[in-house]
Structure formats: structure tokens, C-alpha cells
Amino acid sequence: MSRALSEQEIVRRENLKKIREMGIDPFPAEPFEVNAHAREIKENYSEEKKNYQEVRLSGRLMMKRIMGKASFAELQDASGKIQLYVARDEICPGEDKSLYNVLFKKLLDIGDIIGVEGFVFTTKTGEITVHVKKLKLLSKSLRPLPIVKEKDGKVFDAFTDPQQRYRMRYVDLTVNPHVRENFIRRSQIMQAMREFLLNKGYLEVETPILQPIYGGAAARPFKTHHHTLDQTFYLRIANELYLKRLLVGGFDSVFEFAKDFRNEGMDRFHNPEFTQMELYVAYTDYIWMMHLVEEMLQYIVKRVFGKSTLTVGGHEISFEGPFQRYTMYESIEKFTGIDISEMDEKALREIAGKLHVEVDPSMGKGKLIDEIFGEKVEPYLTDPTFITDYPIEMSPLAKKHREKEGLVERFELIVNGKELANAFSELNDPIDQRQRFEAQLELGKRGDEEAMMLDEDFIRALEFGMPPASGLGIGIDRLTMILTNSKSIQDVLFFPQMRPEKPAEGAAGVEEETQAE
RNA sequence: GAGUCAGUAGCUCAGCUGGUAGAGCAACGCCCUUUUAAGGCGUGGGUCCAGGGUUCGAAUCCCUGCUGACUCACCA
């Protein structure tokens, strides 16, 4: 399929041709060895020490300022930008000046990837600069990059169109340094979490993404089909039930960074695929897990940001534990003045109406309480807050509360008005578990599309005996959003889900085969 | 799923109650050996998201569709 080329693309293709005609390979195969990076040079160069006198670095040409026989340019590598000084007679010591006059001045375009060799000095305006002695083209760029300029911290002509930024994230990352920064943070956050868990001696594991029965959460799944087995599979909505099987198998602590998939609405907090870290530790309970979560978040924030208070959405949020704790009933009473602890389904429905919380007939008691909480409490919890002791109806995998009738031993951690983590003392009584699943089936019949499936093998595992344990799920995307002060999940996912730009050609047949539904 | 807003040059955007498209940067040509949103002079570049309609005439008004953002609904 050919595409009409823009004026600038035509120029670049012509330049490419001319480069080849000069006998220069625009896409050379040999490696270009580098011994320095932009940021490191800018941080460590000193005029007195005269260090960095033989540097080799490579990156993208981001700016050319040509002044006749000498030029300044900007090179951007993975660490940042640095200015280059390119003088004609330096890179062309002999008679032939074409390397400067033709290749550098005319044929190299912004976006080209080059390698340079030279020494570092400071210009008379005080800018640390690489004085280039040798220059090599490493890869030609055939499309014009958006030109983003900056002065005194102000950015001009920023590349901002969300659609283009997400579809061409490579361009976004190239021209928007703060975008790059968020993703580096994400990686550091995950690394710190993994480090914390491994230091505790917990075992990192992997469990199936293709599951014959989906479970461990309440959500609509993606459905697919395996040809050889001629069998329906679901992309996991959670890995909880598999990790618990591993506790049955004798591991006493397991965790997994899991991509989960939920076939539901998309907004700035939800992407169809997202990442959760789930952790199960035997012989502990949810109280113990609250301490662990406090300790872990403190560790991560300290490790990644070097401090324990961050500005999130205009608020200062401290991750220094211990966090505030309320039971679910307490929190509702605190924010609405109404004590719902003794109410039945009918009374709750009336209260919901009074509070202008929308409900529908398929909702059971647990869901009604959750609606009230979600509407009247959750959005107002800014600092990290544990909400504990949830109604049994909405927590089919959690252990019954040791003292309080009708509740389970469960907590959620709310930060900045959103759920960040969810945990319980895990239900390990197989008979109780079967009854809970059966109650879910009932809800399913009432029209709750997210009611859980009955997983016979999971029950069988519990019947062999699972040690008492607590389990935790923590949303990595949400955590990254909070810690990087990002307004949308799209800012912390490299490639957020979007509609295809145009219907993929030839994809129709494939679609038919792989996608049931 | 509903509502609101948006889609114009490579990028960021102007374009009034309808008269046939503009700026800055980028590109191209020339000048310039310490510039940094470099500068000076000059030049080119458009499926105005797509398809219909109204009209003598549509980037502009109307309808449909596509894509995106936001809000709401849904989502423990």
C-alpha cells in the first residue's frame, strides 16, 4: 500500500539517496561504541579537571543551528540532551569539505541517529558542549519529528494531541522528556516492590493467563478458544485462585506481578489489561498484612523518591505509616452520619435512596453497602486509609470475621479517593467456600454479570487443606499514577488500549477464528 | 452505553454572521566560525477527518459516520 508522501518526507528520501551516492551507508551494521552519556557529562565535566577529552556518544540529532562554517547541534541520547559544536575544518581536515558542507549541513535531518567523537568544553555562554572531531550517520530518519522548543522552562509547540501521543508513543517519548520520566518511575516502583518482597524471602512465581474457569475477582472476562483442545479459555481477571493452590502445595509465601484482563468500560482509571501484584503469605492474617502494606509503601516511596511525602493532585500525601484505619461501617457513619450496621437489604435500599445513591434491583446487601461507600466515602479519602471489615456478601473469598457476624476480615487501602490495594484473611474452609460460590451463582441468576464461577478444582484443593493465610492485591498502574501524579492510566501505560486506526486488512478471517463471544 | 467538545500544512494553532486557506516553528534556497525558542533575506508546502445535503458558492450551516478527549453510567 503506498501512501502519499509529504513534502518533507520526499526531501528526506532524496537525502537518503544522496547519502548513498556519496558512498555512505545510511544504516550501517557495525556497532558504534559509546563511552559517555549526555547527562553524565553535564553532571561531571569540569573546566579545571579537563575530563571527558575523548568521548564517544550517540543519539538522535534534535536541533541544528548552522552558522556558515561552524554549527551547533543538539544530540539526545537515553540520558538526555547535550549540545554539539561542529566546525567545518575540524571534521574535514583535508581539502574535501563535503562531509560538513553536504552531509552535515544538507543531508542530515532532525531525528537522524548519529555517533560523534570529540572532546568536551564550555562555550563562552557557559554551555557544556561536545566539540566534534568525527561524525558518523548511524540511522537515517525518514519522517519529520515534531519540533518542540524550550526556553526558561517554557515549552513551545509541544507535541500534545493525545491521540497521536498514544498511537505513536515512540514519538511522544522522543520529544516529551517528562513522559519518559514517568515510565522510568514505573519501572523503579516495580523494582522496589520486587526488591522488598524478595528481601522478605517470598517466592516470585508465574501462573496461567489462559484459564478454563476465571475467578478471583468479579468482572466480565475476555473469552478465547484453543484449537487443539477445542476448548474455551478466558484471559485471567485475577490469579488469586492459582496462588492459593500453591499455598496448598506447600509454598508459604508466593507473589506474582500479573497482567490481568477485564472486559469492561475504559476510562482514566481503567484499561482492559492492567497489572496487579498479588501476594499470599501463610500463617498470617489481614491485620498482619496491613502492617506489611504500610512497610512496603514506605519502602517504595522512600527508595524511588528519597522522601515519604509526595504531592498528588494538589494534596500533600504522606506515605509514612501507620495509616488511618476505619471499619466500613465506621467510615460510612463518619461521612453520612448514618449507622447502617444493623440494617437489612430493604432498609439499605431506602437509605441509598435518601442519600441519592443509584441502585438497581440486582444488587444484594453487600453491593448496596458498597455503592453507598463508593459514592459517599471513597472519593473523600485522600491520605492512605485502610477500610476494614466488609460485608460477607461482597467478599466470597474472604474469611468470616473472627468476632463480627456478617462481616469478613478484609481491608482495602484507599489513596487519593481510589482503591489501591485489597486484601483479606483468606477463606480456607472448603465447605464455607462452596456455599459462598453458590451464593454467587444466585447473584448471577439475578443478573449480576460479574458474579463468580464455581471452581471445583479450587474447592478440591482447599479440601486437601490450605494453611491460614492473608492475601493482597495491589494495582501497579494505580500505584504508579498516584506516585507520579498522573491523571490518567494512559500516562502510565506505554501503549494504552485504543481502537485501531483503520480496520486491519486481512484481519477479518483471523478475528473470526480467535474471538468467540 | 449517553452527553459535551474537538479533528485545518510535519508540529502548535488562527480562519467572524458562507465568498474558495493563513501564522509561528519545521522544510527548501542564499548569507553567517561560540549559537541555544540563534539570526537575516527569499521560496514552496493543504483530500480543511470521511460521505451525503442545503446553496450560485461550504473549512464554515445541516445530517450520517470515523477517531479522540472530558463528564456521566458501568467497573468491589
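What's counted below: heavy atoms across the whole structure, side chains too, no hydrogens, waters or symmetry copies.
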Which of the following nucleotides, rU12(B), rU33(B), rA76(B), is nearest to the side chain of Phe159(A)?
rU12(B)
In this structure, how many angstroms lie between the P atom of rU71(B) and the NZ atom of Lys487(A), rounded?
11 Å
Assign each of Asp109(A) and Phe121(A) the nucleotide of RNA chain B bearing its closest heavy atom; nearer the 5' end lies the nucleotide of Asp109(A)
Picking from rU35(B), rC11(B), rA37(B), which would you name as closest to the side chain of Lys149(A)?
rA37(B)
Of the listed nucleotides rC13(B), rA27(B), rG68(B), the one nearest the side chain of Arg167(A)
rG68(B)
When you measure from the centre of the six-membered ring of Tyr380(A), is the NZ or CZ of Lys334(A) closer than 6.0 Å and no more than 45° off the axis?
no
Could you tell me the Watson-Crick or G-U partner of rU64(B), where both distances fall under 3.5 Å? Say none if there is no partner.
rA50(B)
Taking any strand in view, what nucleotide pairs with rG1(B) in a Watson-Crick or G-U wobble way, both distances under 3.5 Å?
rC72(B)
Name the closest nucleotide to the Gln164(A) side chain, picking from rU12(B), rC70(B), rU35(B).
rU12(B)
Quick one: is rC75(B) close enough that its OP1 or OP2 comes under 4.0 Å of any side-chain N or O from Lys367(A)?
yes
Name the closest nucleotide to the Arg268(A) side chain, picking from rU71(B), rG10(B), rC32(B).
rU71(B)
Check whether NZ of the Lys or CZ of the Arg Arg410(A) lies under 6.0 Å from the centre of the six-membered ring of Tyr390(A) and within 45 degrees of that ring's axis.
yes
Selection from rA69(B), rA26(B), rC28(B) that lies nearest to any side-chain heavy atom of Asn15(A):
rC28(B)
Of the candidate nucleotides rA27(B), rA76(B), rG29(B), which contains the atom at the shortest distance from the side chain of Asp370(A)?
rA76(B)
rC74(B) base to Asp267(A) side chain: any donor-acceptor pair below 3.5 Å?
yes
Taking the minimum atom-to-atom distance to the side chain of Glu412(A), which one of rC75(B), rU35(B), rA76(B) wins?
rA76(B)
Ring pair (Phe, Tyr, Trp, His ring centres under 6.0 Å) for Phe386(A) and Phe411(A)? Distances and angles first, verdict last.
CA-CA 6 Å; Phe386(A) 288 119; Phe411(A) 72 80; 5.0 Å; yes
Kindly point out which of rC11(B), rA27(B), rU35(B) is positioned nearest to the side chain of Arg65(A)?
rU35(B)
May I ask you to check whether Phe183(A) and Phe494(A) place their ring centres under 6.0 Å from each other?
yes
Proximity to the side chain of Thr160(A) - top-ranked nucleotide from rU12(B), rG10(B), rA76(B)
rU12(B)
Applying a 3.5 Å limit to both distances, which nucleotide forms a Watson-Crick or G-U wobble pair with rA37(B)?
none
Name the pairing partner of rG42(B), where a pair is Watson-Crick or G-U wobble with both distances under 3.5 Å, or state none.
rC28(B)
So, for Ile82(A) and Leu57(A), which heavy atoms are closest and what is the spacing to 0.1 Å?
CG2-CD1, 4.1 Å
Strand partner of rU12(B), provided both Watson-Crick or wobble distances fall under 3.5 Å
rA23(B)
